[in-house]
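Residues: numbered from 1 along the sequence shown.
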Amino acid sequence: MTMREQFRWTPVEGSDVVGPGERLSWPKTLGIGVQHVVAMFGSTFLVPVLTGFPPATTLLFSGIGTLLFLVITGNRLPSYLGSSFAVISPITAATASQGTGSALGGIVAVGVLLVLVGGVVHFVGTAWIEKLMPPVVTGAIVALIGLNLAPAAKANYEKAAITATITLVCLILSLALFKGMLGRLAIFTSVLIGYLVAWFRDEVDFSKVSAASWVGLPEFHAPSFHWAVLPMFLPVVLVLVAENVGHVRSVAQMTGQDYDPLMGRAIASDGLATVLAGAGGGSATTTYAENIGVMAATRVYSTAAYWIAGTAAVLLGLSPKVGAVIASIPPGVLGGITTALYGLVGILGVRIWVQAQVDFSQPINQLTAAVPLIIGIADFTWSIGDVTFTGIALGSVAAIVIYQGMRLLGRSGSAALD
């Protein structure tokens with residue numbers, strides 16, 4: 001298939017399923033693309049707000065990353081690259097200790113490692129990843145990253161408890177009462193309602209919104225590299241690899257296509273998008289489950305819709321006014337939303353265990369989960385010279401070392417550990 005053929009879509013109408021290489025009429029495809037924008041927006045804009053990064057910059061690089069992903073995967077793999085929640089904790093810690101530039105340097109390092117992992121996967125496959133990080137390990141790492149953020153949610157919540165509570169209740173009611181697309185927009189609608197409540201309670205600062213122009217370049221920031229903060233970001237690589245593999249296989253299951261040959265390209269694409277984002281002031285990216293949910297609901301897997309979504313994100317990123325509105329979301333709203341979202345990140349780790357039917361009657365699985373969770377939640381630290389390892393880094397390493405160590409000991413001793 002030539003490059004020109006890869007970037008053409010076969011028009012179809014009246015079909016229950018629209019494949020990656022097909023499309024509906026352009027007006028309908030535009031509508032599906034807008035749904036993808038709305039689905040990704042709630043989570044993508046929250047990451048820069050929570051980390052202090054410019055929201056417009058993150059949106060811009062999210063769109064650029066998505067378009068780059070489509071090109072590198074030959075326009076065959078429908079996915080959106082949104083902001084990753086896995087980097088919130090290391091960004092916060094790095095910014096507090098060495099400044100924003102060091103956090104961006106950590107993001108660039110994550111991207112470079114992802115590109116390298118993608119190259120290895122492209123040539124040798126994913127079996128080594130599954131052996132290094134079976135579900136009990138990946139579940140523990142994902143869970144501890146979410147639960148490590150609990151103090152940050154509490155800090156914002158307590159700044160405006162009434163607004164935070166209303167926002168949280170709206171999110172719970174939205175998820176409980178609405179299905180389909182309305183349910184997937186729960187974050188967006190809850191933030192909107194919380195924002196209105198905060199405005200009524202005089203908790204919103206509009207000064208920067210009124211001063212921002214409608215069209216213009218976002219803020220760009222250069223990264224700096226400090227060995228002391230890089231260990232904080234290493235576990236993020238493990239999470240992003242696991243997310244990419246899981247999401248690509250979810251899309252393969254829905255479309256009935258074999259995407260394993262594209263797995264390395266997908267991981268490397270996410271890495272390259274993350275490098276670009278970190279180099280310019282944006283946040284790390286990852287393939288988005290929210291947009292996979294849109295495909296599951298619509299049964300439209302056309303990559304044309306993702307070209308529209310990526311282009312729309314770029315255009316939003318070129319509006320400082322939009323970025324200023326997002327940045328004005330007050331702490332109370334963020335506290336209400338993140339109380340649920342950070343907990344849900346933790347529950348995603350539990351979900352990995354459940355789906356893989358991890359047997360927690362086995363000591364190897366018990367300790368692989370138990371020790372890292374305590375290390376991550378309590379945020380243990382360990383300093384060696386100028387380098388400090390935080391709870392996320394230590395917990396992630398502990399999960400791998402405990403599992404692999406007990407597995408090796410189990411082979412030479414008690415077989416019950418395997």
Checking T287 side chain against S79 main chain: does a donor-acceptor pair fall under 3.5 Å? no
Which residues satisfy the side chain to side chain contact (heavy atoms under 4.5 Å, CB included) test with A242, sequence neighbours excluded? T138
Side chain to side chain contact (heavy atoms under 4.5 Å, CB included) with I374: which residues, sequence neighbours excluded? F380
Would you compute the distance between atom OG1 of T368 and atom CG of L373 and round it to the nearest 0.5 angstrom? 10.5 Å
From CG (L409) to CD1 (I364), nearest 0.5 Å: 9.0 Å
Closer than 3.5 angstrom, by distance alone: can the side chain of T95 be matched with the main-chain N or O of T92 as a donor-acceptor pair? no
Are more than 12 heavy atoms, taken from residues, nucleotides or ligands other than D202, located less than 6.0 Å from that residue's CG atom? no
I want to check something: taking the side chain as every heavy atom from C-beta on, are V121 and I129 in contact at a cut-off of under 4.5 Å? yes
L68 CG to L81 CG distance, which is reported to the nearest 0.5 Å: 8.5 Å
Output a table of donor-acceptor pairs, distance under 3.5 Å, between side-chain atoms of residues 108-115 and any protein atom two or more places apart or on a different chain; print 'none' if there are none.
none

Report yes or no: does E243 contribute a side-chain atom to a donor-acceptor pair with the main-chain N or O of L240 at less than 3.5 Å? no
Tell me whether the count of non-hydrogen atoms from other residues, nucleotides or ligands lying under 6.0 Å of CH2 in W128 goes above 12. yes
Measure the OG-CG distance between S210 and D205 for me, rounded to the nearest 0.5 Å. 8.5 Å
Validation row: V37, I308 side chains within 4.5 angstrom (heavy atoms): no
Is the backbone of P20 close enough, under 3.5 Å, to the side chain of T303 for a donor and an acceptor to pair up by distance? yes
For S283, give me all partners under side-chain hydrogen bond (donor to acceptor under 3.5 Å, both in side chains), at least two apart in sequence or on another chain. none
Between N365 and Y403, which heavy-atom pair has the shortest distance, and what is it? OD1-CE1, 4.3 Å
Could you walk me through whether I72 and L272 pass the side-chain contact (heavy atoms from CB on, under 4.5 Å) check? CA-CA 10 Å; I72 293 177; L272 185 56; 3.9 Å; yes
What closest approach, in Å, do A198 and T163 show between heavy atoms, and which atom pair accounts for it? CB-CG2, 4.0 Å
Who pairs with E130 by salt bridge (Lys or Arg N to Asp or Glu O under 4.0 Å), at least two apart in sequence or on another chain? R249
Show me, pair by pair, the donor-acceptor contacts under 3.5 angstrom made by side chains of residues 332-352, not counting sequence neighbours?
residue: T338; atom: OG1; partner: L334; partner atom: O; Å: 2.6
residue: T338; atom: OG1; partner: G335; partner atom: O; Å: 3.4
residue: T339; atom: OG1; partner: G335; partner atom: O; Å: 2.7

With sequence neighbours left out, the residues meeting side chain to side chain contact (heavy atoms under 4.5 Å, CB included) with L262 are R76, L77, Y259, R265
Using the side-chain hydrogen bond (donor to acceptor under 3.5 Å, both in side chains) criterion, which residues pair with T274? Sequence neighbours excluded. T285
Judged by modelled atom types alone, do W307 and N75 share a side-chain donor-acceptor pair under 3.5 Å? yes
Are T167 and Y195 linked by a side-chain donor-acceptor pair shorter than 3.5 Å? no
Looking only at atom types and distance, does a side-chain atom of Q404 sit under 3.5 Å from a main-chain N or O of K131, one as donor and one as acceptor? yes
Between V137 and A399, which heavy-atom pair has the shortest distance, and what is it? CG2-O, 3.8 Å
Counting distance only, does the side-chain N/O of T73 pair as donor-acceptor with the main-chain N or O of F69 below 3.5 Å? yes
Contacts of E203 that satisfy salt bridge (Lys or Arg N to Asp or Glu O under 4.0 Å) - sequence neighbours left out: R201
Is the count of non-hydrogen atoms from other residues, nucleotides or ligands lying under 6.0 Å from L132 atom CG greater than 12? yes
Considering only heavy atoms from C-beta outward, does the side chain of M295 approach that of Y80 to under 4.5 Å? no
Minimum heavy-atom separation for L67 and G310, please, with both atom names. CD2-CA, 4.0 Å
Stepwise, does the side-chain contact (heavy atoms from CB on, under 4.5 Å) test hold for T189 with S174? CA-CA 8 Å; T189 54; S174 297; 4.0 Å; yes
Smallest heavy-atom separation, V248 atom then A266 atom, equals CG2-CB, 3.9 Å
Residues two or more places apart in sequence or in another chain: which of them pass side-chain hydrogen bond (donor to acceptor under 3.5 Å, both in side chains) with Y301? none
Note, I400 side chain near L238 side chain (heavy atom, < 4.5 Å): yes
Polar side-chain atom of T57 near backbone of P218 as donor-acceptor pair, under 3.5 Å: no
For residues D270 and N244, is any side-chain donor paired with an opposing acceptor at under 3.5 Å? yes
What are the two closest heavy atoms between T44 and G82, and how far apart are they? OG1-CA, 3.6 Å
If I take atom CE from residue M232 and atom OG1 from residue T381, how far apart are they, to the nearest 0.5 angstrom? 9.5 Å
Donor-acceptor contact below 3.5 Å, side chain N291 vs main chain H36: yes
Taking the side chain from E219 and the backbone from P54, do they hold a donor-acceptor pair closer than 3.5 Å? no
Measure the shortest side-chain to side-chain distance between L230 and L234 over non-hydrogen atoms and say whether it is less than 4.5 angstrom. no
Do S328 and K208 touch side chain to side chain, with heavy atoms closer than 4.5 Å? no
Pair I91-F233, side-chain contact (heavy atoms from CB on, under 4.5 Å): steps then yes or no: CA-CA 8 Å; I91 285 176; F233 290 86; 4.0 Å; yes
Tell me whether W353 contacts the main-chain N or O of V136 through its side chain, where contact means a donor paired with an acceptor under 3.5 Å. yes
In Å, rounded to the nearest 0.5 Å, how long is the span from CG of L171 to CD1 of I166? 14.0 Å
Side chain to side chain contact (heavy atoms under 4.5 Å, CB included) involving A164 - partner list, sequence neighbours excluded: Y157
Below 4.5 Å, heavy atoms only, C-beta onward: do S302 and E22 meet side chain to side chain? no
Start with the C-alpha distance between F360 and V358, add both sets of side-chain angles, then the distance that settles side-chain contact (heavy atoms from CB on, under 4.5 Å), and finish with yes or no. CA-CA 6 Å; F360 279 108; V358 175; 3.9 Å; yes
Show me the donor-acceptor pairs, under 3.5 Å and distance only, between side chains in residues 314-327 and residues at least two apart or in other chains.
residue: S319; atom: OG; partner: W214; partner atom: O; Å: 2.8
residue: S319; atom: OG; partner: V322; partner atom: N; Å: 3.4
residue: K321; atom: NZ; partner: V209; partner atom: O; Å: 2.9
residue: K321; atom: NZ; partner: A212; partner atom: O; Å: 2.9

